[in-house]
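Written below as structure tokens is the structure these notes are about.
Worth knowing before you read on, the calculation uses all heavy atoms, side chains too, and leaves out hydrogens, waters and symmetry mates. Labels below follow one simple rule: chain letters A, B, ... track the order of the sequence lines, proteins then strands, and each chain is numbered from 1. Remember, it's a predicted structure, so these values are computed and weren't measured experimentally.
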Number of protein chains: 2
Amino acid sequence: MTTVSPGRIPDLDTPALLLDIRKVQRNASTMVQRCQDMGVSLRPHMKTHKTIEAGEIMTNGTKRHIVVSTLAEAEFYAGAGFDDVLFATPLTQDKVQRCARLVTQLEQFHVMIDSSAGLDAIKSTPLSGKQWSVFLKVDCGYGRAGVSHDSVEGVELVRSVVSTPGVQFAGLYAHCGDSYHSDSPQEVKAVGHRTAQNILTFAARLKQEGIECPTVSIGSTPTCSQPADSMGQLTEVHPGNYIFYDVQQSLLGSCTLEDIAVQVMTRVIGHYPGKNHMLVDCGWTALSLHSFGQLPTGFGIIDGHPELKLSSMTQEVGKVHAVEGTLDFDKYPIGTVLKILPYHACATACMHPRYYVHSGEDIVAVWEPCRGW
Amino acid sequence: MTTVSPGRIPDLDTPALLLDIRKVQRNASTMVQRCQDMGVSLRPHMKTHKTIEAGEIMTNGTKRHIVVSTLAEAEFYAGAGFDDVLFATPLTQDKVQRCARLVTQLEQFHVMIDSSAGLDAIKSTPLSGKQWSVFLKVDCGYGRAGVSHDSVEGVELVRSVVSTPGVQFAGLYAHCGDSYHSDSPQEVKAVGHRTAQNILTFAARLKQEGIECPTVSIGSTPTCSQPADSMGQLTEVHPGNYIFYDVQQSLLGSCTLEDIAVQVMTRVIGHYPGKNHMLVDCGWTALSLHSFGQLPTGFGIIDGHPELKLSSMTQEVGKVHAVEGTLDFDKYPIGTVLKILPYHACATACMHPRYYVHSGEDIVAVWEPCRGW
């Protein structure tokens with residue numbers, strides 16, 4: 001829920017997650033425009049932020065046509081008037097009753113399967129007056145979940161879906177998570193192209209079998225930020241992280257550092273000249289350890305301070321060194337505010353019970369994300 | 001708050017954090033007894049669990065004499081009737097008003113400083129009818145925060161504390177975090193011994209200056225689980241993780257795997273024979289990535305299944321391989337429940353909005369931890 005909390009950034013207790021509302025809105029608009037230009041629908045993923053407010057912004061105010069990664073998110077958004085929600089984790093028997101309630105509650109609630117176990121779970125739970133809507137999860141090269149795009153089993157599973165009473169086949173869904181292993185914009189585009197080709201070929205095989213595929217959806221923030229031309233042949237894309245962006249995305253070419261809407265604000269709380277480091281009140285509870293120290297500046301980038309390195313973190317504090325040589329302590333008196341650009345915004349946002357949304361130095365809202373499963 | 005939720009473990013949605021109440025109570029009793037045997041006070045740290053219920057158990061029902069790592073925790077425990085609370089992060093100006101309110105509210109609220117900036121913050125905020133109670137944070141070799149145990153500056157800072165009107169000197173406090181870098185029980189004991197010697201020597205130097213040191217406190221779960229004899233000369237210890245224990249502690253010799261009270265329950269949600277892995281509904285949102293894959297079994301230990309390896313995790317799912325060779329999928333049908341012993345219980349607990357407390361297979365309570373700062 002939005003709770004407008006009057007105040008200014010310098011007054012915030014630290015650590016605190018800051019969201020620049022203008023960048024959030026700009027990132028959202030850019031993606032909306034890009035999808036319109038490509039002629040594909042945008043079904044934004046909610047997993048990075050898990051808030052109602054960012055969901056409204058990403059759906060351009062429609063509150064329709066979203067993806068979620070947990071049932072807690074599905075129920076959270078359904079309760080806030082969102083509809084046409086896709087729960088994008090392979091469905092299993094233990095989760096089918098909660099899904100059935102959502103199908104009944106919403107105009108459109110889609111589940112995803114990638115095995116006959118998923119279909120069996122659906123069959124075990126017939127709905128009165130409603131149909132199940134089922135996406136097939138397809139592995140187009142990422143190698144995590146889904147039926148292989150070139151498999152016979154995939155076609156057979158879809159055939160079983162379409163021949164099951166009370167079940168509608170919604171389409172194909174692939175996550176191009178392999179785009180995160182790219183070294184250049186060219187590689188990102190190549191992953192997007194390969195994923196699109198693989199899933200479109202699978203849809204064509206289904207068509208040869210007489211099975212229409214209403215939706216062909218692929219997604220990942222890198223491939224949707226730098227889309228391959230062939231992605232215009234899809235019906236839908238489903239990126240998520242782009243609403244915030246992060247250092248990892250900047251390294252993949254998805255954005256510039258200027259586009260990153262999220263920062264963790266912290267303060268210097270100790271000087272230790274004998275050890276050549278200072279302490280800040282940001283530990284892994286506030287940033288997460290997701291970069292594994294891959295950056296020359298440690299676990300993140302301290303905005304405006306390329307000379308500083310967040311070398312390590314324990315639960316509630318972090319150690320800051322100079323990137324090179326001796327730290328000039330006089331430049332950072334105890335109490336100095338530092339703002340850290342996170343390596344992985346999804347992981348960082350997940351650590352915070354509230355986000356402080358600002359326009360310039362003014363706090364304009366406090367957003368509270370959904371938690372749990 | 002405790003909310004008794006009738007039910008049994010097999011009925012829980014996954015992922016879920018399970019706490020074995022009998023192990024929690026046994027771990028707490030063992031530490032209480034050990035401290036009594038050593039003749040030192042126990043001031044348990046709340047940071048691992050951040051719940052009222054485990055705080056009651058760790059304080060043997062007294063709700064007195066605890067350490068916290070955030071002001072949110074301090075306020076949470078103060079609001080639940082806990083007292084004699086030490087906020088064990090170096091105090092800075094931005095946090096002094098919230099601390100002042102806690103000093104007024106409680107019989108005993110102690111802050112910690114390790115620089116004149118901390119003392120200046122206190123001086124800037126005189127209290128009416130109450131005194132500030134101040135611990136000095138001492139670095140006895142860990143190298144993170146604190147005044148060096150052998151420094152002249154440390155003694156001078158204590159002299160400034162005792163000569164400041166309205167301020168009481170509570171004692172010395174050191175965290176022996178270097179015990180986590182030990183390779184054997186002998187090394188753990190050596191760290192405990194060295195820390196105790198260093199802090200006791202510092203107290204003796206203060207005594208030579210005519211300054212009494214009411215409390216001399218050191219802590220870490222490894223050193224307090226395998227204490228050096230010399231630790232009996234201290235007045236107090238302050239371990240925390242022992243209430244849950246975890247795989248890391250078992251590797252340090254603090255506990256056996258049998259003592260670990262916390263598990264993350266997950267279910268198999270997909271079989272991918274072509275890729276030789278299965279998927280579980282436990283990602284880094286449910287376990288954290290804290291082991292960095294240091295274990296032969298990946299990011300944790302799957303209880304009762306030494307043949308399985310949690311190889312990687314993304315936000316909401318994890319990949320499970322065989323430790324060696326090909327996975328025998330028939331042994332783990334989709335829906336199979338697996339229970340993961342976490343590498344770092346503090347990091348895992350921090351990811352969960354509620355803990356399912358069980359006795360055998362029965363859920364006897366749901367505990368909700370404090371979050372934020």
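For the atom pair B:Asp13 CG and A:Leu71 CG, the distance stands at 7.5 Å (nearest 0.5 Å). To the nearest 0.5 Å, atoms CH2 (B:Trp284) and CG (A:Leu289) are separated by 12.0 Å. The OG1 atom of A:Thr314 sits 7.0 Å away from atom NE2 of B:His175, with the distance rounded to the nearest 0.5 Å.
Contact annotation for B:Lys275: only side-chain heavy atoms (C-beta onward) come within less than 4.5 Å of a heavy atom of chain A. Interface remark: B:Asp94 contributes backbone and side-chain atoms alike to the contact with chain A (heavy atom separation under 4.5 Å). Heavy atoms closer than 4.5 Å to chain A are found nowhere in B:Ala16, neither backbone nor side chain. For B:Ser69, the parts lying under 4.5 angstrom from a heavy atom of chain A are both the backbone and the side chain. Of the two parts of B:Ser148, only the side chain, counted from C-beta on, holds a non-hydrogen atom closer than 4.5 Å to a non-hydrogen atom of chain A. Using a 4.5 Å cut-off between heavy atoms, B:Val268 contacts chain A through its backbone alone, with no side-chain atom that close. For a residue to count as touching a neighbouring chain, one of its non-hydrogen atoms must lie under 4.5 Å from one of that chain's; by this rule B:Met351 touches chain A with backbone and side chain alike. Proximity to chain A is absent for every atom of B:Ala121, based on heavy atoms less than 4.5 angstrom apart. Using a 4.5 Å cut-off between heavy atoms, B:Lys137 makes no contact with chain A at all. Contact of B:Thr285 with chain A is made through backbone and side chain together, with heavy-atom distances under 4.5 Å. Neither the backbone nor the side chain of B:His271 comes within contact range of chain A, judged by heavy atoms closer than 4.5 Å. Only the side chain of B:Gln315 comes within less than 4.5 Å of a heavy atom in chain A; its backbone stays farther off.
Using a 4.0 Å cut-off between a side-chain N of Lys or Arg and a carboxylate O of Asp or Glu, A:Lys50 and B:Glu316 qualify as a salt bridge.
The most heavy-atom pairs under 4.5 Å with chain B, out of A:Ala117, A:Gly143, A:Ser115, A:Gly118, come from A:Gly143. Between chain B and the residues A:Gly270, A:Ser288, A:Ala286, A:Gly335, the largest count of heavy-atom pairs under 4.5 Å involves A:Ala286. Ranked by non-hydrogen atom pairs under 4.5 Å with chain A, the options B:Ala145, B:Cys350, B:Pro333, B:Gly274 are led by B:Ala145. Counting heavy-atom pairs closer than 4.5 Å to chain A, the top residue among B:Met278, B:Arg98, B:Lys47 is B:Lys47.
At least one donor-acceptor pair closer than 3.5 Å links the side chain of A:His277 to the backbone N or O of B:Arg144.
Counted by atom type alone, B:Tyr272 and A:Asp139 present zero donor-acceptor pairs between their side chains at under 3.5 Å. For the residue pair B:Thr92 and A:Arg267, no side-chain donor N or O sits within less than 3.5 Å of a side-chain acceptor on the partner.
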Exercise. Can B:Lys95 and A:Thr14 be said to form a side chain to side chain contact (heavy atoms under 4.5 Å, CB included), step by step?
Worked result: CA-CA 9 Å; B:Lys95 295 185 173 69; A:Thr14 44; 3.8 Å; yes

Problem set entry | Verdict with reasoning, B:Trp373 to A:Asp281, per side chain to side chain contact (heavy atoms under 4.5 Å, CB included) | CA-CA 10 Å; B:Trp373 301 270; A:Asp281 62 0; over 6 Å; no

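The minimum heavy-atom distance between A:Gly372 and B:Pro353, with the atom names listed, is CA-CG, 3.8 Å. Closest of all the heavy-atom pairs between B:Ile269 and A:Pro90 is O-CB, 4.0 Å.
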